[in-house]
J.: 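Below is a structure I'd like to ask you about.
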Amino acid sequence: MPNIVVLGAGVSGLTCALLLAKQKGNAVTVVAKHMPGDYDIEYTSPWAGANVLPMNSDKDSRWERRSWPELRRLATEVPEAGLHVQTARVLRRRADVTTTGNLKSAIADPLFQFSPWYREVMDDFREIPAAQLPAGMHSGCEFTSVCINTAVYLPWLVGQCARLGVRFRRASLSHVSEAAVMGAHGAAATARADVVVNASGLLACRLGGVMDAKVVPARGQVVVVRNGAGGVMPTTSGCDDGDDEVVYVMQRALGGGTVIGGTYMKGNWEANPDPNVAVRIMKRAVEIHPELTGGKGVEALDIIRHGVGLRPLREGGVRIEKELIDGTWVVHNYGHAGWGYQGSYGCAERVVELVDEVVGRTKRESKL
Ligand code: FAD
């Protein structure tokens, strides 16, 4: 029976553990310094909104394309998972479009492309008629998406894993190969793992044996409020408050409040919310989505908390590949920046393929 240790209990590690455990014959153990229930600056997943706004280029769209059907299924068929269906509204500001009608290079983000690849993937995609655009907007689109209440979804993933026999252990490792002796139990307690899945997120830049200098934080500050967003999740191509500030609103399922954001500050490790940034976040959110306070302005926002999470941004993109480190096969899955949830099933599916290669299984059909 292949003995597999997953290092990391964020959305990446837990989704890998779930798909690996669904495959009969795998013994799966999750080892992590932080687990669902913890709120720590080194642990990104609880801080995410999280919703589905496709961010990868068409070339790298596999992760999001493969994840969307499962996230939609969870939102429509599994209410206890903590997802619900919402309408995404993507708006291009006039200030971000050139006179020739192209996106300015600074915001050439795949999400805001004209005629994006995801128009064929996301349900109910439509261009917003000019007459329905908010002031200052050049154009935009809407489509059916989901919002994930991470405070419900992460524990739900733990529960799904536990039901399939996955074991959980708390430990802070200094080297990735330490994980190899943490999987076997009982009589086999001295056996080495056949594979370690490295889902260490941002901390891949500090983990011995990996030390990936291409991984840096992209700091995201948010405000969580009790106000409802009316089923709509607006986001804009930019704002007047600087290149590292962004605008988005999303209401979480099951009473999780509404997350308004935010920032995208590369290389910034600051864990404390900046009060000035918080004021700007709230002003922008109410401006783009006055429904938040019923037209009563920013003072009518009812704040639950301020928060900061660090997205695991990797220069060159996500790392999903296998590597032999000190005699241990490691399958890496880290560096998902701001799309770790919306790409989680696609990435985990690739991890399962790579694990199969290592343990010598033949290619099989995906079992999401
Ligand atoms: P993490 O959640 O950080 O988990 C890493 C795990 O590895 C932890 O359990 C940690 O303890 C463990 N670990 C690391 N090193 C060690 C070690 N040495 N020993 C033991 N354990 C270790 N994504 C979306 O898809 N949609 C969104 O709308 C969205 N919005 C976001 C908004 C904000 C403000 C932020 C901050 C992020 C957002 N994201 C969103 C991105 C998403 O949150 C991340 O891509 C995702 O959470 C990364 O998950 P992960 O499992 O790779 O890393």
J.: Where do K322 and V358 land on the side chain to side chain contact (heavy atoms under 4.5 Å, CB included) test, with the steps shown first?
T.: CA-CA 8 Å; K322 60 184 178 186; V358 171; 3.9 Å; yes

J.: Can you see whether R192 engages T328 through a side-chain donor-acceptor pair at a distance of less than 3.5 angstrom?
T.: yes

J.: Is there a path of hydrophobic side-chain contacts, each under 4.5 Å between heavy atoms of I/L/V/M/F/W/Y residues, joining M250 to V223?
T.: no

J.: Answer yes if V331 and V318 sit in the same cluster of Ile, Leu, Val, Met, Phe, Trp and Tyr residues linked by side chain heavy atoms under 4.5 Å apart, and no otherwise.
T.: yes

J.: Would you find more than 12 non-hydrogen atoms of other residues, nucleotides or ligands less than 6.0 Å from E127 atom CD?
T.: yes

J.: Any donor and acceptor pair, going by atom type alone, linking the side chain of N149 with main-chain N or O of A253 inside 3.5 Å?
T.: yes

J.: Among L7, L20, V28, whose side chain to side chain contact (heavy atoms under 4.5 Å, CB included) with V197 holds?
T.: L20

J.: Which heavy atom in S12 sits nearest to a heavy atom in N333, and how many Å separate them?
T.: CB-ND2, 3.9 Å

J.: With rounding to the nearest 0.5 Å, note down the distance linking CD in Q342 to OG in S145.
T.: 7.5 Å

J.: Which value, rounded to the nearest 0.5 Å, describes the distance between M265 atom CE and L313 atom CG?
T.: 14.5 Å

J.: Do T29 and V166 come close enough that some side-chain heavy atom pair is under 4.5 Å?
T.: no

J.: For D212 and R314: C-alpha separation, side-chain torsions, deciding distance, then whether salt bridge (Lys or Arg N to Asp or Glu O under 4.0 Å) applies.
T.: CA-CA 9 Å; D212 190 337; R314 183 169 183 270; 2.8 Å; yes

J.: Between L71 and Y345, is there a side-chain heavy-atom distance shorter than 4.5 Å?
T.: yes

J.: Between D240 and R280, is there a salt bridge with N-O shorter than 4.0 Å?
T.: no

J.: Treat each ILVMFWY residue as a node, draw an edge where side-chain heavy atoms are under 4.5 Å apart, and state whether M282 and I288 are in one component.
T.: no

J.: Is any side-chain N of the basic residue among E270 and R219 closer than 4.0 Å to the acidic one's carboxylate O?
T.: no

J.: Would you mind checking if E178 and K33 are paired as a salt bridge, meaning a charged N to carboxylate O distance below 4.0 Å?
T.: no

J.: Could you check if a side-chain atom of V30 sits within less than 4.5 angstrom of a side-chain atom of R167, using non-hydrogen atoms only?
T.: no

J.: For residues M1 and A27, report the shortest heavy-atom separation together with the two atoms involved.
T.: SD-CB, 3.6 Å

J.: Is there a side-chain contact between V196 and W329 in this structure, where contact means two heavy atoms from C-beta onward sitting under 4.5 Å apart?
T.: no

J.: For the atom pair CZ (R350) and SG (C16), what is the distance rounded to the nearest 0.5 Å?
T.: 12.0 Å

J.: Any ion pair linking E42 and R206 (charged N to carboxylate O, less than 4.0 Å)?
T.: yes

J.: Would you say that L53 contacts Y118 through its side chain, given a criterion of any heavy-atom pair below 4.5 Å between the two side chains?
T.: no

J.: Quick test of your reading of the model: are R65 and D58 salt-bridged, counting only N-O distances below 4.0 Å?
T.: yes

J.: Between I320 and W63, is any pair of side-chain heavy atoms under 4.5 Å apart?
T.: yes

J.: Within the structure provided, determine whether P36 and W156 are in side-chain contact (heavy-atom separation under 4.5 Å).
T.: no

J.: Which atoms form the tightest heavy-atom contact between V247 and T235, and what is the distance?
T.: O-OG1, 2.8 Å

J.: Closer than 4.0 angstrom, basic N to acidic O: yes or no for E287 and R284?
T.: no

J.: Do the side-chain N and O atoms of Q251 and N227 include a donor-acceptor pair separated by under 3.5 angstrom?
T.: no

J.: To the nearest 0.5 Å, what is the distance between CG on L91 and CG on D96?
T.: 11.0 Å

J.: Of all heavy-atom pairs between S67 and G346, which one has the smallest distance, and what is that distance?
T.: OG-N, 2.8 Å

J.: Would you name the heavy atoms of G140 and L133 that are closest together and state the gap between them?
T.: N-CD2, 3.9 Å

J.: Can you tell me if H289 uses its side chain to pair, donor with acceptor, with the backbone of E291 under 3.5 Å?
T.: no

J.: Using the rule that Ile, Leu, Val, Met, Phe, Trp and Tyr join whenever any side-chain heavy atoms are under 4.5 Å apart, tell me whether W117 and F143 fall into a single cluster.
T.: yes

J.: Do the charged groups of R319 and E323 touch, with an N to O distance under 4.0 Å?
T.: yes

J.: Does any N or O in the side chain of T44 come within less than 3.5 Å of the main-chain N or O of L310, such that one atom is a donor and the other an acceptor?
T.: yes

J.: Considering residues at least two apart in sequence or located in another chain, which fulfil the side-chain hydrogen bond (donor to acceptor under 3.5 Å, both in side chains) criterion with Q132?
T.: R126

J.: Membership question, hydrophobic clusters at under 4.5 Å side-chain separation (ILVMFWY): are V330 and L173 in the same one?
T.: yes

J.: With no hydrogens and no angle check, is any side-chain donor or acceptor of T263 less than 3.5 Å from a backbone partner on Q221?
T.: yes

J.: Check whether any side-chain heavy atom of R94 sits under 4.5 Å from a side-chain heavy atom of M137, and report yes or no.
T.: no

J.: Does any donor atom in the side chain of R92 or S237 lie under 3.5 Å from an acceptor atom in the other side chain?
T.: no

J.: Counting N and O atoms only, with roles assigned by atom type, does the side chain of R89 sit under 3.5 Å from a partner on the main chain of M233, one being a donor and the other an acceptor?
T.: no

J.: Atom OG of S45 and atom CG of D38: how far apart are they, to the nearest 0.5 Å?
T.: 11.5 Å

J.: Within 45 degrees of the ring normal and closer than 6.0 Å to the centroid, is that where the cationic atom of R252 sits relative to Y153?
T.: no

J.: Which class fits the ring pair H34 and Y43: parallel under 30°, tilted 30 to 60°, perpendicular over 60°?
T.: parallel

J.: Rounded to the nearest 0.5 Å, what separation is found between the CE atom of M122 and the CD atom of E64?
T.: 9.0 Å

J.: Among V90, N51, I281, V222, exactly one meets side chain to side chain contact (heavy atoms under 4.5 Å, CB included) together with Y248. Which residue is that?
T.: V222

J.: Looking at K104 and A95, would you say the former's side chain and the latter's main chain have a donor-acceptor pair under 3.5 Å?
T.: yes

